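None of the values given here were measured: they were computed from a predicted structure. Chain letters run A, B, ... following the sequence lines, proteins first and then strands; every chain starts at 1.
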Protein chains: 2
Amino acid sequence: MENHRPFLVLLFFAFALGFIAVVFVLRWVLHFREGLAWDGGAKEFNWHPLLAVTGFIFLQGIAIVVYRLPWTWKCSKLMMKFIHAGLNVLAFILAVISLVAVFDFHNVQNIPNMYSLHSWVGLAAVILFSLQIVLGVCIFLLPVSPGYVRAAFMPIHVFSGLFIFTTVIATALMGITEKLIFGLKDPKYKDSPPEATFVNVLGLLITVFGALILWITTRASWKRPSEQLLHTLHSNEPASVGTKTDTAISERPDPEPNSEARRRNGKTEE
Amino acid sequence: MENHRPFLVLLFFAFALGFIAVVFVLRWVLHFREGLAWDGGAKEFNWHPLLAVTGFIFLQGIAIVVYRLPWTWKCSKLMMKFIHAGLNVLAFILAVISLVAVFDFHNVQNIPNMYSLHSWVGLAAVILFSLQIVLGVCIFLLPVSPGYVRAAFMPIHVFSGLFIFTTVIATALMGITEKLIFGLKDPKYKDSPPEATFVNVLGLLITVFGALILWITTRASWKRPSEQLLHTLHSNEPASVGTKTDTAISERPDPEPNSEARRRNGKTEE
């Protein structure tokens with residue numbers, strides 16, 4: 001891998017920021033808000049931000065970069081696909097539970113559903129995410145689709161994954177805005193009480209986490225190398241494949257810069 | 001250019017959606033809100049969404065894709081840099097006026113400034129955008145920085161440009177959320193009056209416009225070809241360079257897939 005140290009530093013910061021964001025949202029609902037329960041009241045609503053940030057943002061972010069981790073390159077591509085799909089399915093389940101919590105809260109409290117831009121964009125993101133998972137499993141995981149279909153669909157799969165991830169973060173920022181306006185009464189949001197500042201910082205943490213995930217994912221030299229190259233390394237040096245992989249990637253004269261280049265060069269990867 | 005027709009179709013839809021978004025925000029402030037004036041009241045605030053959507057989103061989006069337009073490939077790279085920089089500077093000026101409008105409105109109305117997540121992320125985006133323009137002009141436009149500096153900075157310039165653009169859209173979605181909650185009293189936002197639905201649609205238009213700009217910009221085969229290739233075409237066929245450019249690009253065996261590949265292959269482009 002080229003620039004191994006910057007990769008590790010940015011990956012560490014991304015994971016740290018994502019983890020701190022989860023701690024922040026947990027402290028928000030437990031310390032500043034009413035806590036957690038499944039009672040149709042404010043405590044049930046609080047599952048919504050907690051599970052959205054934990055599952056739909058943090059877990060999805062990890063699922064997106066999981067192919068980039070050099071120490072996973074000794075694992076088979078199939079296993080990595082299962083891990084990528086599994087993390088995304090887990091993120092989806094948490095996102096759906098977070099939706100159920102807020103719909104249930106609204107119904108009990110006689111608050112209309114689906115009136116806000118936050119709800120429109122958020123539901124669209126959940127629907128697109130379910131479609132992304134179903135198409136991803138059918139095309140890339142099940143051994144039925146021909147290579148040219150996988151190759152043609154890969155750029156769309158990558159772009160839509162990053163777009164959905166970004167959209168979810170934008171939705172979270174709208175949700176934070178809504179909740180701080182509706183939830184803070186005396187003092188109000190505009191009076192900048194500690195909760196307002198704390199949750200604004202949560203919004204910044206989520207935004208920077210998203211930026212780091214997007215940067216890591218879009219660096220061509222940090223992509224998982226082709227299966228052919230890994231296969232060659234496995235065959236020649238089975239005892240020390242992890243180290244050799246890194247060396248080989250940094251030395252290869254013409255790394256495949258993105259998925260479109262991969263599509264042209266070989267169809268065995270997806 | 002590969003896939004010339006899909007490029008033109010998507011470009012048309014992107015421009016159309018961006019233009020419709022500008023019409024929507026204009027109708028919002030003129031029909032549903034109080035109109036436009038510079039009086040410290042609600043009419044002055046209305047310049048904020050109008051100029052933010054027109055300048056900071058629509059114009060910035062056009063500035064981002066301007067290198068991709070095949071009919072500009074006969075123009076010199078230097079002229080395209082001036083157009084790219086000029087559009088971004090215009091977007092920046094409109095963004096700053098939109099900020100002045102909202103600060104002035106807040107000050108006259110005794111509303112605190114800079115308390116919301118919308119204001120934090122928005123101001124950060126304006127500051128990053130000014131930094132992006134200054135660094136872009138100093139490094140890529142002025143003939144002083146060496147080639148290796150331009151090559152090293154190009155991936156950061158491209159990523160941060162797309163990141164700022166995306167952040168501005170997320171900020172607009174938060175701003176729409178805020179304004180509909182604060183501005184709609186009887187009926188309220190949750191009662192879904194026509195204005196709420198109309199402005200939610202504006203939010204969707206902006207989001208899809210952003211998605212199309214990001215898709216167009218990140219397709220490797222739609223990038224402006226290298227200056228060396230264009231120079232060769234200019235030298236050989238000066239009378240019909242426009243058509244020949246397209247043909248040559250679609251036929252070249254190994255197009256440069258992204259800016260990192262360009263950095264490796266040549267340093268004369270930036």
Side-chain angles (χ1 to χ4, degrees), chain A residues 2 106 111-121 124 155-156 158-160 162-163 166-167 169-178 180-182 188-193 196-197 199-204 207 210-211 214-215 218-221 253-262 264, chain B residues 2 106 111-121 124 155-156 158-160 162-163 166-167 169-178 180-182 188-192 196-197 199-204 207 210-211 214-215 218-221 253-262 264-265:
Chain A
E2 291 177 28
H106 281 171
I111 300 170
N113 288 301
M114 299 303 304
Y115 69 86
S116 70
L117 184 57
H118 165 75
S119 64
W120 287 24
V121 178
I156 298 168
V158 170
F159 180 85
S160 58
L162 298 182
F163 175 69
T166 308
T167 305
I169 289 177
T171 306
L173 301 184
M174 281 190 280
I176 285 173
T177 300
E178 271 191 20
L180 290 177
I181 294 174
F182 290 137
K188 293 182 176 178
Y189 190 18
K190 68 176 183 177
D191 302 318
S192 294
T197 308
V199 182
N200 281 355
V201 173
L202 168 63
L204 295 186
T207 306
L214 292 174
W215 173 265
T218 52
R219 293 314 92 194
S221 58
D254 186 20
E256 296 163 341
N258 63 17
S259 56
E260 291 200 7
R262 288 174 182 225
R264 287 193 301 273
Chain B
E2 292 177 27
H106 281 170
I111 299 170
N113 288 301
M114 298 304 303
Y115 69 86
S116 69
L117 184 57
H118 165 74
S119 64
W120 287 24
V121 178
I156 298 169
V158 170
F159 180 85
S160 59
L162 298 182
F163 175 69
T166 309
T167 305
I169 289 176
T171 306
L173 301 184
M174 281 190 280
I176 285 173
T177 301
E178 271 191 18
L180 290 178
I181 295 174
F182 290 137
K188 293 182 175 177
Y189 190 17
K190 68 176 182 176
D191 302 319
S192 295
T197 307
V199 183
N200 281 355
V201 172
L202 168 64
L204 295 187
T207 306
L214 292 174
W215 173 265
T218 53
R219 293 314 92 195
S221 60
D254 186 21
E256 295 164 341
N258 62 16
S259 57
E260 291 199 9
R262 288 173 184 228
R264 287 193 302 272
N265 295 337

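For the pair B/Tyr115/A/Asp191, no side-chain contact is recorded, criterion being any heavy-atom separation below 4.5 Å from C-beta on.
To the nearest 0.5 Å, the span separating CE on B/Met114 from CG on A/Asn200 amounts to 9.5 Å. We find the CD1-CZ distance between A/Ile111 and A/Phe182 to be 8.5 Å, quoted to the nearest 0.5 Å. Distance check, rounded to the nearest 0.5 Å: OG of B/Ser119 to CD of B/Glu178 gives 7.0 Å.
The two atoms that bring A/Tyr189 and B/Leu117 nearest to each other are OH-N, 2.8 Å, heavy atoms only. Heavy atoms only, all atoms of each residue included: B/Pro155 and A/Arg219 are closest at CB-NH1, 3.6 Å.
Heavy atoms closer than 4.5 Å to chain B are found in both the backbone and the side chain of A/Leu214. Contacts between A/Ala196 and chain B at a heavy-atom distance below 4.5 Å are absent for every atom of the residue. Contact annotation for A/Leu162: neither backbone nor side-chain heavy atoms come within less than 4.5 Å of a heavy atom of chain B. Using a 4.5 Å cut-off between heavy atoms, A/Leu204 contacts chain B through both its backbone and its side chain. Contacts of A/Phe163 with chain B are made by side-chain atoms alone, with heavy-atom separations under 4.5 Å and no backbone atom involved. Of the two parts of A/Ile176, only the side chain, counted from C-beta on, holds a non-hydrogen atom closer than 4.5 Å to a non-hydrogen atom of chain B. For A/Thr171, no part lies near chain B; criterion is any non-hydrogen pair under 4.5 Å.
Annotation: maximal heavy-atom pairing with chain B below 4.5 Å, among A/Leu202, A/Thr167, A/Leu173, A/Ile156, occurs at A/Leu173. Taking B/Ser192, B/Ala170, B/Ala124, B/Ser116 one by one and counting their heavy-atom pairs under 4.5 Å with chain A, the maximum is reached by B/Ser116.
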